[in-house]
Peer 1: 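Input: one structure, supplied below.
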Amino acid sequence: MNLALESIVLPGVDPSRPIVIAGPCSAETEEQVLEAAKALASRGVKIFRAGIWKPRTKPGGFEGVGTVGLSWLKRVKEETGMYVATEVATKDHIKEALEMGIDILWIGARTTVNPFAVQEIADALQGVDIPVLIKNPVNPDLELWIGAIERIYGAGIRRIGVIHRGFSSYDKKMYRNLPLWHIPIELRRRMPNLPIFCDPSHIGGRRELIAPLSQQAMDLSFDGLMIESHCCPDNAWSDASQQITPEVLDYVLNLLVIRDVHQTTENLSELRRQIDQIDEQLLELLAKRMRISREIGIYKKEHNMPILQSPRYNEILTKRSDMGEAMELDTDFVKEILQEIHEESVRQQVIIMNQ
Ligand code: PEP
Ligand code: MN
């Protein structure tokens, strides 16, 4: 679906990748906001972010300075010439942000999950012309993300972008929020002209992951980056571990390798043909495997056997994982594929049992 979007790039902002939005997680004091803004502006950042209303997991934490922070952002505009962006979650936030001349609004991940909240925001934006960036919902649900985009689009907003900030999971290992890159990649396939930003601060949850995640986003042709930056990150009132100083931000941005998205792909065509052939073979093999699974299903039904036989499943997982490792395939990757295939086989056999 190609939405009839207009460019989110504001006058004076360099449209080349990455478009950078930086600033603290939260506006804490007027001094902190201005200090960060001036340090970022002097390093060429053109769009400043700061949360005024903070959606915190539990009550009692710092929930943002509220309305007074808008006047600090107004000062940032006046004194640095930067554009300013903040998170909005209710119609009152929108009214106040618009009155104070906020340039860009973003919808947070905890708001995108809720169609009522997104619709309230959409209704409040009817007839307004302002860029709106929509973070992914906290759960990995692309349709919900697209639903939010459609609601905002339906309000007449034409300058829309999205922010990939990762997906919440109990299975926290390396990241605060799992990147699940295939989701923004699929979004790009479905809505090719929709600008995508990456928020490596919220994905990584750790300073040292900001550089590699930003590079990965650039390698995947993302359009921009939203990075949390604070002059004294360790003392930040929220998200201290995922903010970097303006100096470090400058360093990280300068190290990024930006590949040319307009390169011709002629030289790749032979390799791509081989990939196409392999994919075809993989699909044929999968189809064959499913046919055999169905035959097994018929046998189990005729002999009154249960579908799930866990010793067999465990054997498959272990043996195949070892085999994969010997072929230098990533163990988690092999496990994940096998689990998916097994799930589909079970589904096929359930259909047979119920026939
Ligand atoms: C934020 O940008 O500070 C924020 C609250 O982000 P998210 O909605 O991605 O959690
Ligand atoms: Mn934050």
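When a ligand or atom number is given, it counts from 1 through the structure's own listing order.
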Peer 1: Are M174 and I203 joined in one hydrophobic group, where the rule is that I, L, V, M, F, W and Y side chains link up if heavy atoms are under 4.5 Å apart?
Peer 2: yes
Peer 1: If we only count heavy atoms from C-beta on, is the L338 to Y313 side-chain gap below 4.5 Å?
Peer 2: no
Peer 1: Examine R17 relative to F222 and say whether NZ or CZ is less than 6.0 Å from the centre of the six-membered ring and inside a 45° cone about the ring axis.
Peer 2: no
Peer 1: Suppose I only count heavy atoms of R165 and a 4.0 Å limit; which atoms of ligand 1 are within that range?
Peer 2: 7 (P), 9 (O), 10 (O)
Peer 1: Within a distance under 4.0 Å of any heavy atom of W106, pick out the atoms of ligand 1 and give their elements.
Peer 2: 2 (O)
Peer 1: Using a plain distance cutoff, I'd like to know if D239 has any nitrogen or oxygen under 3.5 Å from a nitrogen or oxygen of ligand 1.
Peer 2: no
Peer 1: Among all the protein's non-hydrogen atoms, which is closest to atom 6 (O) of ligand 1, and how far away is it?
Peer 2: K135 NZ, 2.9 Å
Peer 1: Could you tell me whether ligand 1 has any atom less than 4.0 Å away from a heavy atom of R49?
Peer 2: yes
Peer 1: For ligand 1, which atoms have a heavy atom of C25 less than 4.0 angstrom away?
Peer 2: 3 (O)
Peer 1: Is any side-chain N of the basic residue among D123 and R151 closer than 4.0 Å to the acidic one's carboxylate O?
Peer 2: no
Peer 1: Specify the protein heavy atom at minimum distance from atom 8 (O) of ligand 1: its residue, its atom name, and the distance to 0.1 Å.
Peer 2: A109 N, 2.8 Å
Peer 1: Calculate the angle formed at the Mn ion (ligand 2) by OD2 in D239 and NE2 in H202; 10° precision is enough.
Peer 2: 80°
Peer 1: Considering only non-hydrogen protein atoms, determine which one is nearest to atom 4 (C) of ligand 1 and report residue, atom name and distance to 0.1 Å.
Peer 2: H202 NE2, 3.4 Å
Peer 1: For ligand 1, which atoms have a heavy atom of G108 less than 4.0 angstrom away?
Peer 2: 8 (O)
Peer 1: Is a salt bridge present between K77 and D103, judged by a nitrogen-to-oxygen distance below 4.0 Å?
Peer 2: yes
Peer 1: Would you check the N or O atoms of K54, main chain and side chain alike, for any that come under 3.5 Å of an N or O of ligand 1?
Peer 2: yes
Peer 1: Regarding E87 and K135, does a basic nitrogen lie under 4.0 Å from an acidic carboxylate oxygen?
Peer 2: no
Peer 1: Look at atom 5 (C) of ligand 1 and say which protein heavy atom is nearest, naming residue and atom and giving the distance to 0.1 Å.
Peer 2: E87 OE1, 3.6 Å
Peer 1: I'd like to know if R259 pairs up with D219 as an ion pair, taking the criterion as any Lys NZ or Arg NE/NH1/NH2 lying under 4.0 Å from an Asp or Glu carboxylate oxygen.
Peer 2: yes
Peer 1: Is any side-chain heavy atom of M218 closer than 4.5 Å to one of L225?
Peer 2: yes
Peer 1: Salt bridge check, D129 against R159: does any charged N sit closer than 4.0 Å to a carboxylate O?
Peer 2: yes
Peer 1: At the Mn ion (ligand 2), what is the angle formed between atom OE2 of E228 and atom SG of C25, rounded to the nearest 10°?
Peer 2: 90°
Peer 1: For ligand 1, indicate whether the residue E228 contacts it via side chain, backbone, both or neither (heavy-atom separation under 4.0 Å).
Peer 2: side chain
